[in-house]
Amino acid sequence: MLDKAFNPSEIEPRLYAGWESSGAFACDPGSSAVPFTIMIPPPNVTGSLHMGHALTFTVQDVLVRWRRMQGRDVLWQPGTDHAGIATQMVVERLLAEQGNVDRRAMGREAFIERVWQWKAESGGTITRQLRRLGASLDWARERFTMDAGLSAAVREVFVTLYRTKDADGRGLIYRDRRLVNWDPRLQTAISDLEVENQEIKGHLWYITYPIAGSMQGEPGQFITVATTRPETMLGDTAVAVHPQHPTLAALIGRHAILPLVGRLIPIIADSYADPEKGTGAVKITPAHDFNDFAVGQRHELPMPSVLDRQACVTVAEIADALAAVDGVADPAFVRGLDGQDRFAARKAIVAELERLGLLAKVEPHTHQVPHGDRGGVPIEPLLTTQWYCNAEVLAKPAIEAVETGRTQFVPKQWENTFFAWMRDIQPWCISRQLWWGHRIPAWYGPDGAVFVAYSDAEARAEARVHYGNDAALVQDEDVLDTWFSSGLWPFSTLGWPEKTKELARYYPGDVLVTGFDIIFFWVARMMMQGIHFMNRVPFHTVYIHGLVRDERGQKMSKSKGNIIDPLELIDRFGADALRFTICALTGPGRDVKLGAARVESQRSFVTKLWNAARFCEMNAIAPDPAFDPAAARLPLTRWILDAANDAVARATDALERYRIDEYAAICYRFTWNTFCDLFVEFAKPVLSPVMAGPPPGPEDAASCPVMPDPRSGPGHAASSPVMPGPRVGPEARPRTGSGPASTTFVLDEVWDGRDKPGHDRRAPAPVQSDTADAREVRATAAHVLGIVLRLLHPAMPFVTEELWDRFGYGAQYSLIRAPWPTPVPVTDGANARHELDWVVRLITQVRAVRAEMNVPSSTPTPILLRDATPETLARASRWIDAIKRLARASELKSLTGEMPKGSVQAVLDEATVILPLAAVIDLGTERTRLAKERDKATGEAKKIAQKLENVDFVRRAPEEVVEENRERLATAQAEIARLEAALARIE
RNA sequence: GGGCGGUUAGCUCAGCGGUAGAGCGUCUCGUUUACACCGAGAGGGCCGGCGGUUCGAACCCGUCACCGCCCACCA
């Protein structure tokens, strides 16, 4: 027996362990099946599962589980990223907390050993958490970016790119001395992508630079520059003005005296100086500003650095130029700045300028200041020698691959983002001044000669050739950007550069799933490196999902305190509920707004499925291997099989299009609305007919609050004249066995105006019907439940597996590899659909009317059909038990004569549905209700008529559209006529 | 400055040329034995504004407004 409720916390760990140990997630390189590969975006080894992970891994797991069920040989490659900066920071913080010496005191080797130790102890957090989410990763193949094999791949790539020369004879990896984004807190170079601009409320300082050799009172005695960074002025080597500047151009060629420093700097012409901005003159500090660096290169200016690696002032490079100038420059002041922090120096410099009267003015100024995304402090452009990768060369084939569609983005609009960045790609700084990471395989000789090699030994061998003897070599201290190794993930995890059978089989992969924030960092680099080294794109599809936000659409962040922990949600509601919520909310190009309330409401779907299964269990519904859907003969079974076909086809199509949200909605609707609300309810009278029909009404019809007409007395209804009903021809007579239930009720009985006392159903026997009909319904129910479980398995693996096992659809843990459902032939599905559609509409109509008239559902009433065709009456007869049960009917009959007084009417196709409710209805209310219905239909008819009167519409619209409108008009007009007739019957 | 996305029921969102939809919330009714994490029913929207294309626009085009994001840059 299934428990009353699904208990995820008990069931999930057990099922996951079973899956994993039974090898259900493992790929099979020896299989003949078509492979399907997804490379996990390796989470940081320091990470713990956050909502972004929950989103991306749920989406991937849905795709992976679905494809596995389709029979593909799935490799979902797991692993983690060594995450250079992040991990180094974590371990350094830990060392500090434990009161250890810092890493520099500790030494490189000992520190790295400590990081490995940390990884062994704490690096498994994220992978454990992924298991809790239900991610079906092939754990036996787990990789780490610093594994020996992956490290070998990194060296292979580095050496190869270094040795591959571009058109100018330069390696695709090369060393260069230029400005780099320097993070003074972490004391390492970072790439452009790791810089985040933050809006800062600062100041614009206007500083007066005296012109050298100018006379007192001369108009051009000073040139004023504006700056947001006065402290960099120590490194100024020019002042630039626009060559066509109306007034300042006259000063070009003269020199300014750099305040504080006393050095003479030229006033140069450069169109970089925008006459509209600031004062029109701009100070040039080539070593501390990217634009100024370019100006400095153009004019061959000196480039002294005045800030060091900790962003403190250093005067070493300008010491020789210091000169005392009365009232302008004082070498002692500048020397006094040496070693001061950049912001302290700024303050001091501003104060000194003010004291000297060289500060023309200060304005408040809000501007974007670049910050390091990890360190969080303003970055400092710094002149250093770093290793670069010529991304421009590598980008070209990657751009082409997307242009030609060999790799496609979903949604497509992200291709524009990709192109925009790739077509203007900058040299990629790949060296980092860290210890944790892949050490750059470059060695330096005593004279600075560089030897790039696979190993220390190989480098020594090269040096021996170079020098003619054994020279002492020193390996480069730096490590590579983490993304350099991540970019190799699609093939380094498969054994490259070895030619493994996994590499041949699983590269290229199929889909890459990630967020848009990673397109540049990772997707672009995998494309570039994958194409360059494997000659093929690493994946044919890049599926980009949104970001997870909180319920109000705010980005989740620690500072806002709106972080939602997926593990907490799993604890509270179960992994299936969380996963299904994510699936339902992840529309293309849309962020996922998620909160506990949403997960809680989706949990009820898990419960619903569980309870539907309990119903099946209670009704002895069990899988029947001999069941043949094509042989189903009942309208009910043919209808549900037909509807299941439709759900299967549409769910599969949605997954093909990566529309996880549509897939979820289709499954949800089919399970809840179609299977539970309709099929199960219709099945009940067949499965246990004793329980069919409404609960017992009052024994005495006269005491029923519905029937007696308070105005005319209890005898009134009974005294209404009743005409004989139509004889239903034998062809329309219900055939025993073709309907869903016993047909003890005959529709050609004429309603006699009296409600029959209900059967005595006060003690329903818990018997299960064992008719052929009931057996067919049971087998069908089991078949369709099996489809539901398989359809939902990718989204809700736990509850579906549990039910699959409990019902014995297959061996334990077999759902994970059960065949994905495909549509099956159904006999005359359209007919069954039409039939059920009518029954549902009848029931809905009656329910609506009853609710509107405030008839309590405990009070059954008769349902009379007027003007119904024999076909309709036959249909009604076939479904009489279900109708009575679901529409709370005491009986169902045809009516040709006059309507009982005080009846309520509703129009259903050609027939009018009449509910005799004399006791409770007010004629005025009923008249208003019917008039409202009629007016609605009239409005509809008028709209369509207008359309059809438009000759252009009739002439130019497609024939089927015109025809459809004609039909709709006819239907509406017929409905109006019947509603008019109904109104006329009311006195 | 360049670009992208969004604006549809109270909320979250589907729909993207031919009858405006769902879930949640609201209101009403219901102790029907699968399920109150339930069932039934109802109310609720000139689909951001203005133009245009079309027989027909929530949907296509233009434009504006507001919200969000990305890139560049602001001496």
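Predicted model only: the values in this text are computed from it and were never measured. Every chain is numbered from 1 and lettered A, B, ... according to where its sequence line falls, protein lines coming before strand lines.
Near RNA chain B, defined here as any heavy-atom distance below 4.0 Å, the residues from residues 607-620 of chain A are A/T607, A/K608, A/N611, A/A612, A/R614, A/F615, A/M618, listed numerically. Of the residues in residues 663-674 of chain A, A/Y668, A/W672 come within less than 4.0 Å of RNA chain B through at least one heavy atom, sorted by number.
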Taking N or O atoms only and anything under 3.5 Å, show me the protein contacts with nucleotides 53-57 of chain B, one pair per line.
residue	atom	partner	partner atom	Å
B/rC55	OP1	A/R956	NE	2.5
B/rC55	OP1	A/R956	NH1	2.9
B/rC55	OP1	A/R956	NH2	3.0
B/rC55	O2'	A/N950	ND2	2.9

Under 3.5 Å, which N/O atoms of the protein pair with N/O atoms of nucleotides 10-13 of chain B?
residue	atom	partner	partner atom	Å
B/rU12	O2'	A/R598	NH1	2.8
B/rC13	OP1	A/K593	NZ	3.1
B/rC13	OP2	A/K593	NZ	2.8
B/rC13	O3'	A/R590	NE	3.1

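With pairs defined as Watson-Crick or G-U wobble and both atom distances under 3.5 Å, the stems of at least three pairs that touch RNA chain B come out as B:1-7 with B:65-71, B:10-13 with B:21-24, B:26-30 with B:38-42, B:48-52 with B:60-64.
Look at A/S601 and you won't find any side-chain N or O under 4.0 angstrom from OP1 or OP2 of B/rC37.
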Using a cut-off of 4.0 Å between protein heavy atoms and nucleotide atoms, how would you tag nucleotides 69-75 of chain B 5' to 3' with B, S and -? ----BBB
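Every side-chain contact (heavy atoms from CB on, under 4.5 Å) that A/K947 has, sequence neighbours left out, goes to A/F953, A/N965. Remark: A/E964 pairs with no residue by the salt bridge (Lys or Arg N to Asp or Glu O under 4.0 Å) rule, at least two apart or across chains. With sequence neighbours excluded, the residues forming a ring-ring contact (aromatic ring centres under 6.0 Å, His included) with A/Y658 are A/Y543, listed by chain and number.
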Would you mind writing out the side-chain donor-acceptor pairs for residues 593-608 of chain A within the sub-3.5 Å range, not counting sequence neighbours?
residue	atom	partner	partner atom	Å
A/S601	OG	A/R598	O	3.1
A/S604	OG	A/S601	O	2.5
A/T607	OG1	A/R603	O	3.2

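With ring centers used as reference points, A/W610 lies under 6.0 Å from A/F6.
Screening residues 282-292 of chain A for side chain to side chain donor-acceptor pair (under 3.5 Å) gives A/T232-A/K283, A/D236-A/K283, A/D236-A/T285, A/K283-A/T285 as the qualifying pairs, with residues at least two apart or on separate chains. A salt bridge (Lys or Arg N to Asp or Glu O under 4.0 Å) check over residues 268-279 of chain A, counting only residues at least two apart or in different chains, returns the pairs A/D270-A/R298.
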